[in-house]
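Each chain gets a letter, A, B and so on, in the order its sequence line appears, and its residues count up from 1.
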Number of protein chains: 2
Amino acid sequence: MSPPDDRAEEARRHAERFQRVRAAHQTEVAEDYVELIAQLIDETGEARVVDLAGWLGVTNATVNNTIQRLQRDGLVTTKPYRSIFLTDAGRDLAVESRKRHDIVREFLMALGVDAETADIDAEGIEHHVSDATLEAFATYLARSTNTATGRRRS
Amino acid sequence: MSPPDDRAEEARRHAERFQRVRAAHQTEVAEDYVELIAQLIDETGEARVVDLAGWLGVTNATVNNTIQRLQRDGLVTTKPYRSIFLTDAGRDLAVESRKRHDIVREFLMALGVDAETADIDAEGIEHHVSDATLEAFATYLARSTNTATGRRRS
DNA sequence: TATAAAACTTAGCGCAAGCTAAGTTTGTGT
DNA sequence: ACACAAACTTAGCTTGCGCTAAGTTTTATA
Ligand SMILES: [Mn+2]
Ligand SMILES: [Mn+2]
Ligand SMILES: [Mn+2]
Ligand SMILES: [Mn+2]
């Protein structure tokens, strides 16, 4: 059973999965940054380097480097010594990331995970959840919300 | 409401979460490698560089570099031009990673995610699931297995 | 308004993780 | 046994993403 060809095919698919994970890692920092930038702008009026550094737990210099990459990639704009703004693409990515992040966090809590743990785990998990899985999370969430509200499923 | 002190405290905790995610990323490659090495040894008798490269979707040279790091970190042993072995620490990490990986994958499938998507997402999610969350996944899994077997919850 | 503090940038570094190209060793088949 | 193929290693490169230290600009305050 399982001739070498099947085995090779299995390896190929396995490798494909890893390539997807590696790709996700490349967009991860961008997602976290734009999400945070959007939040800071909404809540405080502006996103400054020093704030991002404080909220992310990295140095100002690191934020600067990253912002340059994000600018290169068309997600933010900024002028020397001025605060950071999102481009349309950046704002879109921020909204999508935020939505995803919230669903993951709420899903974990609905499953019975405590809030602090849900916050921690969601920060990492959010970047590895496909649309299909997010859909499944949202469905579970809707059902458990209904249940909690007193409704019952058929 | 929410004086600056509360805000600063919120930022501190937010930063802490990111530091945890960054830490998880540093162990991620090691986990995937030892898990795969264990599997190859179990299924084929040995783990060779060329096989790892094929299953991971990277070049032989990359595998070599990584194996050197893993050896430096005490997870594997290997001699020039020979195949790769796990140390006790490596084997322990492999077993734990495999268990975690399986629970995540089965949990996603139990939630209604198709097998291929579950395989892809689990490959990334597994590294960001705390013990508490894994516990919650396992609990859900046990419950849904019972349900599928015909039993009903009280 | 001058000075000090805070914020921001730049320079220069390190490590992880990928790559290609070239060389070495091992294993196979005739 | 030899030749060739396959496997493995090495050298040298790139990018991402962290850091510290030093310099520049802006903002606050005395
Ligand atoms: Mn997020
Ligand atoms: Mn995140
Ligand atoms: Mn795994
Ligand atoms: Mn993985």
* Which sits closer to the 5' end of DNA chain D, A:Thr59 or B:Gln68, going by the nucleotide each is nearest to? ->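 Per heavy-atom nearest nucleotide, the more 5' residue is B:Gln68.
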* Which comes earlier along DNA chain D counting from the 5' end, the contact point of B:Ser83 or that of A:Glu28, where each point is its nearest nucleotide? ->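 The residue whose closest nucleotide sits nearer the 5' end is B:Ser83.
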In whole angstrom, give the distance that lies between atom [atom1] of [X] and atom [atom2] of [N].
| X | N | atom1 | atom2 | result |
| --- | --- | --- | --- | --- |
| A:Asp51 | C:dA7 | CG | P | 8 Å |
| B:Asn64 | C:dG18 | CG | P | 13 Å |
| A:Arg82 | C:dA7 | CZ | C1' | 10 Å |
| B:Asn60 | C:dA17 | CG | P | 18 Å |

* Is any side-chain heavy atom of A:Arg48 less than 4.5 Å from a side-chain heavy atom of A:Glu46? ->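 Result yes, sub-4.5 Å side-chain heavy-atom pair found.
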* Asked: With no hydrogens and no angle check, do the side chains of A:Asp114 and A:Thr117 hold a donor and an acceptor under 3.5 Å apart?
  ->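 There is such a pair between these side chains.
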* **A:Glu123 and B:His128 side chains, donor-acceptor separation under 3.5 Å** =>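 Short answer, no.
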* **CZ on A:Arg72 to CD on A:Gln68, rounded to 0.5 Å** =>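 One gets 10.0 Å once the value is rounded to the nearest 0.5 Å.
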* Is there a ring-ring contact (aromatic ring centres under 6.0 Å, His included) between A:His127 and A:His101 once you walk through the steps? -> CA-CA 8 Å; A:His127 309 284; A:His101 194 148; 7.6 Å; no
* **5′-ward residue of the pair B:Asp73/B:Thr62 relative to DNA chain C** =>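 Its nearest nucleotide being more 5', the pick is B:Asp73.
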* Asked: Should B:Arg69 be listed as having a side-chain N or O under 4.0 Å from OP1 or OP2 of C:dG18?
  ->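 The answer is no; no side-chain N or O of B:Arg69 sits under 4.0 Å from OP1 or OP2.
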* Trace of the salt bridge (charged side-chain N to carboxylate O under 4.0 Å, His left out) decision for A:Glu16 with A:Arg13 -> CA-CA 5 Å; A:Glu16 229 171 52; A:Arg13 287 160 59 111; over 6 Å; no
* Asked: Earliest and latest nucleotide of DNA chain D, 5' to 3', sitting under 4.0 Å from a non-hydrogen atom of chain B?
  -> D:dA7 to D:dG18
* Asked: When we call it a touch if two heavy atoms are under 4.0 Å apart, what does B:Val29 touch: a base, just sugar-phosphate, or nothing?
  ->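 Sugar-phosphate, backbone atoms only, no base.
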